[in-house]
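Encoded as structure tokens, the structure appears first; notes follow it.
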Protein chains: 2
Amino acid sequence: MSTAPVSPPRPRGSVTDRVYEALKQDIFEFRRLPGDRFTESDVAQRLNASRTPVREALYRLQREGYVDVLFRAGWQIRPFDFEHFEELYDLRITLERAAVHKLVRQESAEKVISQLQMIWDPDRVALDRVVGSTVRVLDESFHCEIVAAAGNREMARIHQELTERLRIIRRLDFSKENRIKATYEEHAEILDALARKRSDHAAQLLTAHIRTSQAAVRDITMERIREAAEVLQRRVYAGDAG
Amino acid sequence: MSTAPVSPPRPRGSVTDRVYEALKQDIFEFRRLPGDRFTESDVAQRLNASRTPVREALYRLQREGYVDVLFRAGWQIRPFDFEHFEELYDLRITLERAAVHKLVRQESAEKVISQLQMIWDPDRVALDRVVGSTVRVLDESFHCEIVAAAGNREMARIHQELTERLRIIRRLDFSKENRIKATYEEHAEILDALARKRSDHAAQLLTAHIRTSQAAVRDITMERIREAAEVLQRRVYAGDAG
DNA sequence: AGCGAGATTCATGTATTCAAGATTAAAATC
DNA sequence: GATTTTAATCTTGAATACATGAATCTCGCT
């Protein structure tokens, strides 16, 4: 017993992975809307796969909270539940606050912090040229790297999952330039506090930073969902629906 | 769109669920040891099922961190990684501390706290008659209910998962009577602090409580695993192995 | 005996088929 | 016309069959 693993893990290019990513994109791009119902065979046919990998992908998405299975009656995109998103944000704050406090006690902290400071120096960046989608990716990695650097792998994993689940609404935050500018400034402040080992202050700034983003997103989301629904509706009436 | 779900969720008695529970029990009871390798067909034959539900159960267990799939080379019980358990404990502390601070601000707090106080009053319980396995269940629900009462469902869900994953080693904590007595006293103290809305104090007590349990478990676990391994070995030599 | 090439076995990943019951539509009745 | 009954359809859950490639074993060779 206790033989070490010898072969590589599941290959990246599996059908299951492809279906999983495609479905997730569909949900993220609002091509499937909260409440929409569909069947496994539907998805299988659309994505040129059999039901087996489709089912595996759907179960993964179910565990991650994106879809629900209705016993012998198809699947459903989990309806938007804003209270739930609020709770996700809350949990994110809890985790990142804890991470900050852990981080200042790690030896590797300085290195990570100074690396992040290179990226988030508002003076070195042409703020009016920054693209929103890029900032979203950078913002995600800012928060994830802070948590990862705290040294608790499980915490980092949960936080990573949270980030994925919040992505669907968080990216709306970077559609306005003032939010982009604010993000740079706030990140710089947080890093400054971290560099000085002022973990309490850093945690406080981080909390405010996330809360701001949370509030901004809350304002925008409903509007966007309604827009997407209208576009789809129009497509349906024009006879262009699948 | 937006049709409400009409049929009940997946029935409890599904083959997948049965296989899932059986495998988890095997792992918890040390009938399958960390490092052990096995195949899907093995499990299917043993549990009288086809490979399909076995695979679904295994993937669930994989996501929860109990097993690994080796590409085209079978499955493996994830080797014991004590650092990882330490991290799980750490995360548990983080979540429960946050929950305590949230809890004192909830209106429903008083009710939950006084209910728990009924259970964990050391004066009302014949401590020498308490059974370890019962205390473990009660202890789990003590911590879970505090987190649940804080009002963040996602936090409660993650905490619940943590509890499950730690169960395999946590139950070893209640095999000695002094730990049982200490558990009652510490829980009572925590509840007292909560009732007085001293969340800082409660968080501090809770942290110490969990750390104690963590240390006690750390001492016992290795010994137990070795014992289980010896028993199995003996069975193998006696020709009684499956 | 030690070693290596090739065939074979066996593993998971995927596709297909079968089963049971929920949904839906039609038909029959009041 | 409204409502109940019934039959056809459709859905997921589970079992089985097939494909692909890794691991292993055999057999011949040095």
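Reckoned from all heavy atoms, side chains included, excluding hydrogens, waters and symmetry mates. Numbers restart at 1 for each chain; the letters A, B, ... are given by sequence-line order, proteins then strands.
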If I take atom [atom1] from residue [X] and atom [atom2] from residue [Y], how far apart are they, to the nearest 0.5 angstrom?
| X | Y | atom1 | atom2 | value |
| --- | --- | --- | --- | --- |
| B/Asp26 | B/Glu21 | CG | CD | 11.5 Å |
| A/His187 | A/Asp139 | NE2 | CG | 4.0 Å |
| B/Ile158 | A/Ile158 | CD1 | CD1 | 4.0 Å |

Without hydrogens or angle criteria, can the side chains of [X] and [Y] be said to hold a donor-acceptor pair below 3.5 Å?
| X | Y | answer |
| --- | --- | --- |
| A/His159 | A/His143 | no |
| A/Tyr20 | A/Glu64 | yes |
| A/Gln214 | A/Arg211 | yes |

With no hydrogens and no angle check, is any side-chain donor or acceptor of A/Gln106 less than 3.5 Å from a backbone partner on A/Ala150?
-> yes
Would you check if A/Ile146 and A/Phe142 make a side-chain contact, meaning some heavy-atom pair closer than 4.5 Å?
-> yes
In this structure, how many angstroms lie between the [atom2] atom of [N] and the [atom1] atom of [X], rounded?
| X | N | atom1 | atom2 | result |
| --- | --- | --- | --- | --- |
| A/Gln62 | D/dT12 | CD | P | 12 Å |
| A/Leu47 | C/dT14 | CG | P | 14 Å |
| A/Arg18 | C/dG13 | CZ | C1' | 13 Å |
| A/Asn48 | C/dT14 | CG | P | 14 Å |
| B/Glu56 | D/dA14 | CD | P | 7 Å |
| B/Gln45 | C/dT12 | CD | P | 13 Å |
| A/Arg51 | D/dC10 | CZ | C1' | 11 Å |
| B/Leu70 | C/dT12 | CG | P | 9 Å |

Mind listing the N/O atom pairs, protein and nucleotides 24-26 of chain C, below 3.5 Å?
none

According to a strict under-4.0 Å criterion, is [X] in side-chain N/O contact with OP1 or OP2 of [N]?
| X | N | result |
| --- | --- | --- |
| A/Tyr59 | D/dG13 | yes |
| A/Thr16 | C/dT14 | yes |
| A/Arg55 | D/dT12 | no |

Of all the choices, [options], which nucleotide is nearest to the side chain of [X] once you look at every atom?
| X | options | result |
| --- | --- | --- |
| A/Glu40 | D/dA23, D/dG13, C/dA15 | D/dG13 |
| A/Thr39 | D/dA23, C/dT12, D/dT11 | D/dT11 |
| A/Val69 | C/dT12, D/dT12, D/dA15 | D/dT12 |

So, is the end of the B/Arg167 side chain (NZ or CZ) under 6.0 Å from the ring centre of B/Phe28 and within 45° of the ring's axis?
-> no
Under 3.5 Å, which protein N or O atoms sit close to an N or O of nucleotides 19-21 of chain D? Give each pair with its distance.
unit_1: D/dT20; atom_1: O2; unit_2: B/Arg72; atom_2: NE; d: 3.4
unit_1: D/dT20; atom_1: O2; unit_2: B/Arg72; atom_2: NH2; d: 3.4
unit_1: D/dG21; atom_1: O4'; unit_2: B/Arg72; atom_2: NH1; d: 2.9

Can you name the residues that form a salt bridge (Lys or Arg N to Asp or Glu O under 4.0 Å) with B/Asp68, not counting sequence neighbours?
-> B/Arg78
Describe the nucleic acid contact of B/Thr52 in one word from base, sugar-phosphate, nothing, applying a heavy-atom distance below 4.0 Å.
-> base
